[in-house]
Chemist: 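The structure that follows is given in the form of structure tokens.
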2 protein chains.
Amino acid sequence: MQKKNEPTLVGVKEIARRANVSIGTVDRVLNNRTGVADETRNRILEIIKDLDYQPNMMARRLASKKVIRIAVLIPAVSGETGYWEAPLNGIKQAAAEIRDYGVTVDVFLFDQNDRSSFTAKTKDILKATYQGVLLAPMFEEESLDFIARCKTQHLPFVFINSDIAGEESLSYIGPNLYQSGYLAAHLINYITVPGQRVLIVNISKELDLHHHLLRKEEGFRAYFQEHPKAITLDKTDIRKTDYKSVKTKLHKALDDAHADVIFVTNSRVSTVAHYLEETGKTDIRLIGYDFLQDNITALRQGIIDFLICQKPQEQGHKGIMALYNYLVHGATIERQQYMPIDIITKENCFNYKN
Amino acid sequence: MQKKNEPTLVGVKEIARRANVSIGTVDRVLNNRTGVADETRNRILEIIKDLDYQPNMMARRLASKKVIRIAVLIPAVSGETGYWEAPLNGIKQAAAEIRDYGVTVDVFLFDQNDRSSFTAKTKDILKATYQGVLLAPMFEEESLDFIARCKTQHLPFVFINSDIAGEESLSYIGPNLYQSGYLAAHLINYITVPGQRVLIVNISKELDLHHHLLRKEEGFRAYFQEHPKAITLDKTDIRKTDYKSVKTKLHKALDDAHADVIFVTNSRVSTVAHYLEETGKTDIRLIGYDFLQDNITALRQGIIDFLICQKPQEQGHKGIMALYNYLVHGATIERQQYMPIDIITKENCFNYKN
DNA sequence: ACACTCTTCGTTAACGTACACGAAACGTGG
DNA sequence: CCACGTTTCGTGTACGTTAACGAAGAGTGT
């Protein structure tokens, strides 16, 4: 049926035979090294194209003793939030997959509350000899410093989870925050009727993270600007993440104005769920972010209505793979890889893959 | 920080050295072949465990000239429905990924309207020498025949898209139809108010496929049984898939009783969308299945409200990978791999990965 | 013509594993 | 004690590629 092409049967030997040269010469043009006459090189190139030669990756990486090292710089999972566990898992999984190909990945964890720990780790990375870096540029200023150094060292880097526009990263892999806020608004549009009130809740004590939340809120508000509806948007900022602080603030906010729907702009939605459950306000619809255990529990109980999630584990996986494909296969990488925005409810959370 | 284990540096040579034997002997116990004294075997086994030896896959498959062949038996993409294009793409992608490992996959396509084409292809597969089969068992009787033969030939097989319970397949990879209908009901529960009417629409001329739709409808109805709500469920079966027939039937159904929401149990939802657009009934909410171009278009236009999708491409990919992991790595495979049930709306369809 | 440097290319030993072949070592029966 | 079979093991080649080494030829200056 399909053409009778000999699959993978052609190797350097066959090319060498046809070109009347030795495999050494063929190897030189394949890895475009010097020392081949232009005429010979062209002849071999021609034959390679003719044969649609595909190098045998196994043999290639077996023979090449050079090992590729990738550094990863992301926040440690804190009691604060378990979010980074998922990307880390994706990173580990990818690392395991490409370990056989002679790629090792070292993970450096910094403290989200401590800019200096970030800087310290960047120094460690620059000291060692890596061929690529995957990083979460949470602290903008410090990150700019770091990637400036990367550039002088011709060290390719990939951003994960948050982007710094205008910098020549190989790729950005992460959420489209604006769009995810927009989507949340879309969902709320479905489940509300005119006259109702929506409360937007930002819970975060980190300044740089707060920036994330604002981007989502922006998308959220944009939706209702573009789709006018007679609902009222309230908002409360909570700068402490412990339950008591959240409770107090929420109490006040709900006292000021009743809410039919609460939109929490990050994964702390389970804290709000706890509050609603405790106070028996289970008629309030609740939407938040991220497929974390506490959130899933509340989702199952019907306290949280929707979770929005952007596959953090896959983010980590893709981040490593982008570097791998670039470094090993010389592939060109998409500059922006926005993750799909998943909607999770009580009824489809069972088989969700983070 | 982590233990100073030499990664992948240990090979058969090191094991042989420690055991005071040659690599040949080590090789014998690794591939548990005969001809090793029990005492020696145990000694080597011990060392292997000690060193946490991981064989080098590349070298392994390089040296072993045996090639693994996988057969795939799925419906051809017809004008009828483009659905199977997605799984096929996933299969092709997976095939490309493992081609380097000496695995070839041959795809056999049958006609969804012709049972005999299915049988013919199964014969072709059995005639050739495959080590594994991935199939969509759409025709139950014929499939049972086929897998009976597979069993006598010790040919492992994986089901995709639809399952035949009780058969010893390596794995089933596909949707949980019941649950996806249940989810649709859940969504409709959000967007309806008491007193409204929902119309269930089954569009399919194939008998075996119809069975799929019923399973979804079952889940759908179960939801409202478990969550009683004052809404009325109507239903119409449409046994011809051309637009004119659908139009006629829909007209009649909507004439009988007004509908606030229409739930189409498969990917033909775009046909209904077309009807709604043409007749200006755009106030009717519409929910259906699958991330196909026509559906996406209608989704973007706001005619379709929700699409439910179960990653058909990933299904194909996972199907091949299950076989690969089993045949090459001897991994144990999960018996049932239900795909996540994704909810797609106008606002999150951009970055959706099928 | 000689010594020398460059360019161009062939040869060969790895890489880690699989597998065929054959060599010891150890019986066992006569 | 020899012939023969069996068990147990070591050796060598192969897989397709990389990369170091060095040989042959061309060019240059004296």
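The chains referred to below are lettered A, B, ... by the order of the sequence lines, with proteins before strands, and numbering in each begins at 1. What you see below is based on every heavy atom in this structure, not just the backbone, and it leaves out hydrogens, waters and symmetry mates.
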Chemist: Out of C/dG16, D/dG10, D/dG16, which nucleotide sits closest to the side chain of B/Lys13?
Modeler: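 Looking only at side-chain atoms, B/Lys13 lies closest to C/dG16.
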Chemist: Is the distance between the ring centroids of B/Tyr326 and B/Tyr324 less than 6.0 Å?
Modeler: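 B/Tyr326 vs B/Tyr324: aromatic centres not under 6.0 Å.
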Chemist: Would you kindly give the NZ-to-P distance between A/Lys65 and C/dC15, to the nearest whole Å?
Modeler: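 Rounded to whole Å, this separation is 6 Å.
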Chemist: Compare the minimum distances between each of C/dC19, D/dG10, D/dT17 and the side chain of B/Arg33, then state the nucleotide with the smallest one.
Modeler: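 Out of C/dC19, D/dG10, D/dT17, the nucleotide with an atom closest to B/Arg33's side chain is C/dC19.
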Chemist: Quick one: which of C/dT8, C/dG16, D/dG16 gets closest to the side chain of A/Ala59?
Modeler: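 The listed nucleotide nearest to A/Ala59's side chain is D/dG16.
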Chemist: Tell me the interatomic distance from B/Leu62, atom CG, to D/dT17, atom C1', rounded to whole angstroms.
Modeler: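 Atom-to-atom, B/Leu62 to D/dT17, this comes out as 8 Å.
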Chemist: Honestly, is A/Arg69 close enough over A/Tyr130, meaning NZ or CZ under 6.0 Å from the six-membered ring centre and within 45° of the axis?
Modeler: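 Yes - A/Arg69 lies over the ring of A/Tyr130, closer than 6.0 Å to its centre and within 45° of its axis.
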Chemist: Ignoring hydrogens and angles, answer whether the base of D/dG16 and the side-chain atoms of B/Arg61 contain a donor-acceptor pair closer than 3.5 Å.
Modeler: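 Not at all, since no donor on one side and acceptor on the other fall under 3.5 Å apart.
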Chemist: Does any N or O in the side chain of B/Thr40 come within less than 3.5 Å of the main-chain N or O of B/Val36, such that one atom is a donor and the other an acceptor?
Modeler: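 Looks like no, no N/O pair under 3.5 Å.
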Chemist: Counting any heavy atom closer than 4.0 Å, what does B/Leu30 reach on the DNA or RNA strands: base, sugar-phosphate only, or nothing?
Modeler: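 Contact class for B/Leu30: none.
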Chemist: Could you check whether B/Asn20 gets within reach of a base, just the sugar-phosphate, or nothing at all, counting any heavy atom under 4.0 Å?
Modeler: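 Counting heavy atoms under 4.0 Å across all strands, the contact made by B/Asn20 is with sugar-phosphate only.
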Chemist: Mind checking A/Thr34 for me? I need base, sugar-phosphate or nothing, with any heavy atom below 4.0 Å counting as a touch.
Modeler: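 A/Thr34: no heavy atom of the nucleic acid under 4.0 Å.
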Chemist: Looking at the side chain of B/Asp27, which of C/dT17, C/dA20, D/dA19 is the nearest nucleotide?
Modeler: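 For B/Asp27, the side-chain atoms sit closest to C/dT17.
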Chemist: Is the phosphate of C/dA18 approached by B/Asn31 (side-chain N or O, under 4.0 Å from OP1 or OP2)?
Modeler: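 True: B/Asn31 side-chain N/O within range (under 4.0 Å) of C/dA18 OP1/OP2.
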Chemist: To the nearest Å, give me how far apart CZ (B/Arg60) and P (C/dC15) are.
Modeler: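 About 19 Å, once rounded to whole Å.
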Chemist: Closest approach to the side chain of B/Asn56, judged atom by atom: which nucleotide of D/dG16, C/dG16, D/dA19 is it?
Modeler: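 In terms of side-chain proximity for B/Asn56, the closest of D/dG16, C/dG16, D/dA19 is C/dG16.
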Chemist: In whole angstrom, give the distance that lies between atom CD1 of A/Ile23 and atom P of C/dA14.
Modeler: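 Distance, rounded to whole Å: 15 Å.
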Chemist: Give the rounded distance in Å between these two atoms: CZ of B/Arg43 and P of D/dT8.
Modeler: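 Those two atoms, CZ and P, are 13 Å apart.
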Chemist: Under a 3.5 Å distance rule, please check whether A/Gln310 uses its side chain to pair with a backbone N or O of A/Met339 as donor and acceptor.
Modeler: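 Pair found, side chain donor or acceptor close to backbone of A/Met339.
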Chemist: Nearest of C/dG10, C/dC21, C/dG16 to any side-chain atom of A/Ser22?
Modeler: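 Between C/dG10, C/dC21, C/dG16, the one nearest the side chain of A/Ser22 would be C/dG10.
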Chemist: Distance check needed: D/dT18 C1' versus A/Met58 CE, whole Å only.
Modeler: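 The distance from CE of A/Met58 to C1' of D/dT18 comes to 16 Å, rounded to the nearest Å.
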Chemist: Can you tell me which residue among B/Phe146, B/Trp84, B/Phe118 is in a ring pair (Phe, Tyr, Trp, His ring centres under 6.0 Å) with B/Phe110?
Modeler: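 Going through the options one by one, the only one that passes is B/Phe118.
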